Amino acid sequence: MLQHMEGDVWFNGELLPAKDAKIHILTHSLHYSGAAFEGERAYNGKVFKLEEHTERLLASAQTLQMKPNFSIQDIIFAHKLIMERNNVADGYIRPLIFRGAESMNMTNDILSVNMMIAATKSVPKVATDAHLHISKWRKAHPNSMPPQCKSSGHYTMMIIAQQEAKNSGYSDAILLDWRGYVAECTTTNIFFVKDECLVTPIADAFLNGITRQTIIELAHKLGLTVKEKHIELHEIMKYDECFMTGTSAEIKRVQSIDMSEAFDGKKKIFEDNRISNLLTTEYSELVRR
Ligand code: PMP
């Protein structure tokens, strides 16, 4: 059996074997993709920034007009239960809030709001350097898709962009926003470095990741300058270093960005890794504190 299907899941307040946590084929969120979810990491038995993740989960559910039956405290306690049950100290945790199968209408008051939490053992992958390209797809205008809502619908485009990147031999893709500014990668935020100054796009059209915010705080504590700005594609050529950030990937150094499809036939190679190495060490210590 697949590793993530072993053990138990927390499902609507109960702990039950993952293989028995069945949902109906007409589940609304499967058809219309209106589910809210999180991706979290536990270190030494503690989920890093659990409160922030749970607040974001509940805010995403609210944006999707779902009222879960569980409070922030209930959800935090449920994490403890499922992690203990599955004996997860270092792991990946996936809470999901979704509509049930009571109706095939787009909206209907009889639709239930359900919640599950899966906790699996996992340690971050040994980071290999990433090779990116620029996706032809752009992040939706903030008036078309709420960027701070971590909804399954949002990931339709991220799946297409990531699969296309992999099919072409890249690790991942950078997506631009509707204005043509650099936004983020498919499941991570992005940072550049020039002369010990971190430069990252303003999070006005993409998810303001919890790891992104953590890295900005960490950089300030280390006395580094951080500039949040709109970044145009051609600016990438002048940076010395680049890395991606996300809960699952943590910090992943970018070695190259192929911009040939998007900008003047250029490929940018990043030679430096001093700042990403420093932040990786500091982040790794912080999450285990
Ligand atoms: N952007 C996208 C599209 C993501 O899916 C993620 C992962 N949640 C991130 C950024 C990074 O967010 P976080 O640091 O909160 O994991």
Side-chain angles (χ1 to χ4, degrees), residues 1-61 64 66-104 111-126 149-156 158-159 162-163 186-188 210-211 246-250 287:
M1 204 191 312
L2 294 171
Q3 193 246 323
H4 63 268
M5 289 173 71
E6 286 169 8
D8 288 2
V9 291
W10 181 97
F11 188 24
N12 286 336
E14 268 183 85
L15 292 173
L16 70 167
K19 64 181 172 41
D20 297 334
K22 301 238 162 68
I23 54 163
H24 195 278
I25 197 71
L26 294 181
T27 296
H28 189 279
S29 294
L30 177 64
H31 295 237
Y32 301 122
S33 83
F37 72 100
E38 278 300 313
E40 304 161 353
R41 261 202 190 282
Y43 303 87
N44 300 331
K46 194 166 161 257
V47 177
F48 182 62
K49 301 222 164 167
L50 178 55
E51 219 167 287
E52 286 88 334
H53 278 285
T54 310
E55 279 167 5
R56 185 169 73 183
L57 176 72
L58 291 174
S60 299
L64 294 167
M66 290 192 286
K67 284 201 186 79
N69 298 318
F70 303 98
S71 67
I72 186 162
Q73 290 79 17
D74 295 336
I75 297 171
I76 287 172
F77 185 63
H79 276 72
K80 183 172 146 51
L81 292 180
I82 188 61
M83 284 169 63
E84 277 173 9
R85 172 64 69 97
N86 287 348
N87 202 17
V88 170
D90 292 293
Y92 183 77
I93 323 290
R94 163 58 55 80
L96 178 86
I97 298 176
F98 62 99
R99 289 192 170 92
E102 294 81 5
S103 166
M104 279 199 271
L111 282 161
S112 58
V113 176
N114 301 275
M115 176 160 183
M116 78 98 206
I117 309 174
T120 60
K121 289 181 188 166
S122 152
V123 286
K125 282 194 200 125
V126 177
C149 174
K150 201 166 155 60
S151 75
S152 54
H154 182 90
Y155 285 83
T156 307
M158 301 301 103
I159 291 168
Q162 190 179 102
Q163 192 60 61
T186 61
T187 55
T188 49
I210 291 170
T211 321
T247 300
S248 177
E250 300 187 326
V287 293

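Small disclaimer: the values here were computed from a predicted structure and weren't measured. Hydrogens, waters and symmetry mates play no part in the numbers below; they use all other heavy atoms, side chains included.
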Dump the intermediate steps for side chain to side chain contact (heavy atoms under 4.5 Å, CB included) on Glu250 and Thr211, then the final yes or no. CA-CA 7 Å; Glu250 300 187 326; Thr211 321; 5.8 Å; no
Let's go through Ile93 and Leu50 carefully: what are the C-alpha distance in whole Å and the side-chain angles of both, what is the deciding distance for side chain to side chain contact (heavy atoms under 4.5 Å, CB included) to 0.1 Å, and is it a yes or a no? CA-CA 10 Å; Ile93 323 290; Leu50 178 55; over 6 Å; no
Using 0.5 Å steps for rounding, measure from the CD1 atom of Ile97 to the CD1 atom of Ile117. 9.0 Å
Do Asn12 and Met115 have side chains that get closer than 4.5 Å, going by heavy atoms? yes
Over 12 non-hydrogen atoms of neighbours within 6.0 angstrom of CD in Glu51: no
Decide yes or no for His31 and Leu26: does some side-chain heavy atom of the first lie under 4.5 Å from some side-chain heavy atom of the second? yes
Side chain to side chain, Arg94 and Met116, heavy atoms closer than 4.5 Å: yes
Glu38 side chain to His53 side chain, donor-acceptor N/O pair below 3.5 angstrom: yes
If only atom types and distance count, is the side chain of Asn86 paired as donor or acceptor with the main-chain N or O of Ala119 below 3.5 Å? yes
Quick one: do His154 and Met158 satisfy side chain to side chain contact (heavy atoms under 4.5 Å, CB included)? Show the steps, please. CA-CA 7 Å; His154 182 90; Met158 301 301 103; 4.0 Å; yes
In short, Thr247 meets Gly39 closest at the heavy-atom pair CG2-O, 3.4 Å
Contact between Asp8 and Ile82 at the side-chain level, heavy atoms closer than 4.5 Å - yes or no? yes
Which pairs, with at least one residue in residues 75-100 and sequence neighbours excluded, count as a ring-ring contact (aromatic ring centres under 6.0 Å, His included)? none
Out of curiosity, Ser248 OG to Glu40 CD, how far, rounded to the nearest 0.5 Å? 12.0 Å
Quick check for you: to the nearest 0.5 Å, what is the distance between Arg56 atom CZ and Phe37 atom CZ? 9.0 Å
Taking all non-hydrogen atoms of both residues into account, name the closest pair between Ser151 and Leu64 and its distance. CB-CD1, 3.8 Å
Smallest separation among heavy atoms of Val113 and Pro68, with atom names: CG1-CA, 3.8 Å
Closest contact, heavy atoms only, Asp90 versus Asn44: OD1-N, 3.1 Å
Separation between CD of Glu55 and OG of Ser60, rounded to the nearest 0.5 Å: 11.5 Å
Please round to the nearest 0.5 Å and tell me the distance separating atom CG of Leu57 and atom CD1 of Ile72. 9.5 Å
Ser122 OG to Arg41 CZ distance, which is reported to the nearest 0.5 Å: 4.0 Å
Heavy-atom count check: over 12 atoms from other residues, nucleotides or ligands less than 6.0 Å from Lys46 NZ? no
Do Tyr32 side-chain atoms and Met104 backbone N/O form a donor-acceptor pair below 3.5 Å? yes
Please report the closest heavy-atom contact between Gly45 and Met83, naming both atoms and the distance. O-CE, 3.5 Å
Step-by-step side chain to side chain contact (heavy atoms under 4.5 Å, CB included) determination, Ile23 to Phe11: CA-CA 10 Å; Ile23 54 163; Phe11 188 24; 4.0 Å; yes
Nearest heavy-atom neighbours spanning Val9 and Ala21: CG2-CB, 3.5 Å
